[in-house]
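Contents: one structure, followed by commentary.
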Amino acid sequence: MGKSVITAFLVLEMTEILINATLIGILIAIPLSFLSYFVVMRKMTFAGVGIAHASFGGIALGFLLGCESFIFPLVFCVVSSLFIGFLYKKGGFSEDSVIDVVFVFSMAFGIFILSLSNGYSGNVLGLLFGDILSVNKDYIVPVIGIFLLSMFFISYFFSHLNLITYNEDLARINGVRVDLLYYFFWIVLSVLIVFSIRLIGIVLVNAFLVLPTLVGLNVSKNFKGVIGVGILSSIISVAGGVILSYYVNTPTGATIVLLFFAFWILSFIFKI
Amino acid sequence: MIRAQNITLVRNNKKILEDVGFDVKKGEFVAIIGPNGAGKTTLVKIVIGLLKPTDGTIKINGVEPEEFIKKRNGVIGYLPQKAIVNWSMPLKVLDVVLIEKLSPFSFFRKYSKEDVERAEYWLEVFGIKNRVNAYIRDLSGGEQQRVSLARCMFNEPEILVLDEPNTAVDAVYNVKIYETLRKLCDNRDITVIMVTHDIGAVTMYVDKVMCLNIKLHCHSSPSAINYSEMLKRVYGNNINIVIHGEKCNNCIFGVRDDRNTH
Ligand SMILES: Nc1ncnc2c1ncn2[C@@H]1O[C@H](COP(=O)(O)OP(=O)(O)OP(=O)(O)O)[C@@H](O)[C@H]1O
Ligand SMILES: [Mg+2]
């Protein structure tokens, strides 16, 4: 009798975790699919790798200071994304190599800090490849806020961002504040990346910046279709990945990305 | 309408433009010609406020270009050099013609009937209305340029700045573009500044030719230019000009480049 109550309780708790994780994943994947369109069209996808890895330094620093809040990775990501964005803007040298430097620096910094703090007891594998159990309940309120804010930004400025992507000079002579919008874009992107790290993991986050648009481009020729298909495929990948990872007991991020990859392959078949 | 005075632009200690000055009146059709790297693109970018000159002033209707564009959306129509436009985007011809129509939350709305009709009107003017639902990356280079021209006109600009609108456009359609632009100047009082490498046919349609090679070598009506001398000055001495008559403006002339044949 007592045992079955405990089991029922555990099942209930697990369902709650699953629902929370799926909800959080979807709320982040939708705006990321929009941003993915611009990032892929401007050929800046590698920037996402740099930004995601920058969070590692922040997480490590937070651990050292005994404060595992999302503030530290957030600051690290925003600063490095603005830095990367600035370098993209400036041009004149290979941006990819600079992103590599940001990426290597924050990983090295993170490991260095962790070793100072007498061994990291946390789950490094989960950090890198996503861990559903680290997505706790108090995450949901900030994520809803972030979803609403980023969706407002994207939909309010969609035509501006579209024009900038088509040709920056045209945006300028139409009075668009290109630079301001551009830096806002990087800030929104890094906030979304930071909040998806617990679920997807540092290494795999970039899938959400690349795959939605790549799948979309295989299925549709029109930008609204591309973004729509991107959103749909990422929602299904998140939901499917979370549930599958729970039953097969695999890292959540990896499972989501594998599903997403399968979508991409499928979309190729659709294209042919 | 446009007045440039002593424009100089220095980059990496190199003069890209030196002491360039000119006037363009309202409704005038001006061509800028000159060899690659002469600073043509740089000059038109200065005219519309995308670049700041190191020295000199540029005024449109008495105010700086940045001020002038604030007058209203699309008061300047600009056709950038083809290579710097992102033609790989998943956009239809109609999407491109309407791309400068900036409005909040546009993603979730349909184009209005008036906008579609206006876009189709300008596509018709440039003879490409039949491709209105085609995707831009499926168009030929010449078709893409004509779509760009329709886009430039959509907001009914006062000034049209075209950077090599005739790249990839065939000879027959080139003439049609010049004729259309001429009509826009005459009937709608639009000021057109056009960068081109087509130094032949263009002279029949424009009011003024500006020959640029870092410095402005001449700035006058096509009939007043001594072509063989001017081209030698702008394009260098190792160029051989085949020309029918010294001061002809209505003839095609060939330019044979001897730079690599010694
Ligand atoms: N951002 C830049 N930084 C440094 N130099 C530049 C820059 N942009 C252009 N230049 C230089 O300015 C010169 C003029 O360039 P511009 O693009 O204006 O020439 P153009 O006359 O338009 O040539 P084309 O016929 O090839 O289009 C070139 O020598 C070019 O190398
Ligand atoms: Mg040029």
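Convention: sequence-line order gives letters A, B, ...; per-chain numbering from 1. All heavy atoms count here, side chains included; hydrogens, waters and symmetry mates do not.
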(request) Verify the ring-centre separation between A:Phe268 and A:Trp264: is it less than 6.0 angstrom? (result)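 They qualify: ring centres under 6.0 Å apart.
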(request) Could you tell me if the ring centre of A:Phe152 sits under 6.0 Å from that of B:Phe105? (result)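 Yes, ring centres under 6.0 Å apart.
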Which residues in [range] have a heavy atom less than 4.5 Å from any heavy atom of chain B?
range: residues 160-170 of chain A; value: A:His160, A:Asn162, A:Leu163, A:Thr165, A:Tyr166, A:Asn167, A:Asp169, A:Leu170
range: residues 28-50 of chain A; value: A:Phe34, A:Tyr37, A:Met41, A:Lys43
range: residues 212-233 of chain A; value: A:Leu217, A:Lys221, A:Asn222, A:Phe223, A:Lys224, A:Val226, A:Ile227
range: residues 181-206 of chain A; value: none

(message) Restricting to non-hydrogen atoms, name the atom on A:Ile26 and the atom on A:Val238 that form the minimum distance, rounded to 0.1 Å.
(response)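 Shortest heavy-atom contact: N-CG1, 3.9 Å.
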Using modelled atom types and a 3.5 Å cut-off, is there a donor and acceptor pairing between side-chain atoms of [X] and backbone atoms of [Y]?
X: B:Thr196; Y: B:Glu164; answer: no
X: B:Asn166; Y: B:Val169; answer: no
X: B:Lys208; Y: B:Asp23; answer: yes
X: B:Ser112; Y: B:Asp115; answer: yes
X: B:Asp95; Y: B:Lys92; answer: yes
X: B:Asp207; Y: B:Phe29; answer: yes

For [Y], is there an ion pair with [X] - N to carboxylate O distance below 4.0 angstrom?
X: A:Asp179; Y: A:Arg172; answer: yes
X: B:Arg146; Y: B:Glu143; answer: no
X: B:Glu66; Y: B:Lys70; answer: no

[X] side chain near [Y] side chain, heavy-atom distance below 4.5 Å:
X: B:Met1; Y: B:Glu28; result: no
X: B:Pro65; Y: B:Ile48; result: no
X: B:Ile60; Y: B:Ile69; result: no

Interchain contact, [X] with chain A, by part (heavy-atom threshold 4.5 Å):
X: B:Ile76; result: both
X: B:Arg72; result: neither
X: B:Lys45; result: side chain
X: B:Val96; result: side chain

(message) Checking B:Tyr78 against B:Asp163: is there a side-chain donor and acceptor pair closer than 3.5 Å?
(response)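 Looking only at side-chain atoms, B:Tyr78 and B:Asp163 do not form any donor-acceptor pair under 3.5 Å.
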(request) Go through the side-chain N and O atoms of B:Thr8 and B:Asn6 and say whether any donor and acceptor fall under 3.5 Å apart. (result)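 Side chains of B:Thr8 and B:Asn6: no pair found under 3.5 Å.
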(message) With a sphere of 6.0 Å drawn around OH of A:Tyr156, does it hold more than 12 non-hydrogen atoms of other residues, nucleotides or ligands?
(response)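 Atom OH in A:Tyr156 is not crowded, with 12 or fewer foreign heavy atoms closer than 6.0 Å.
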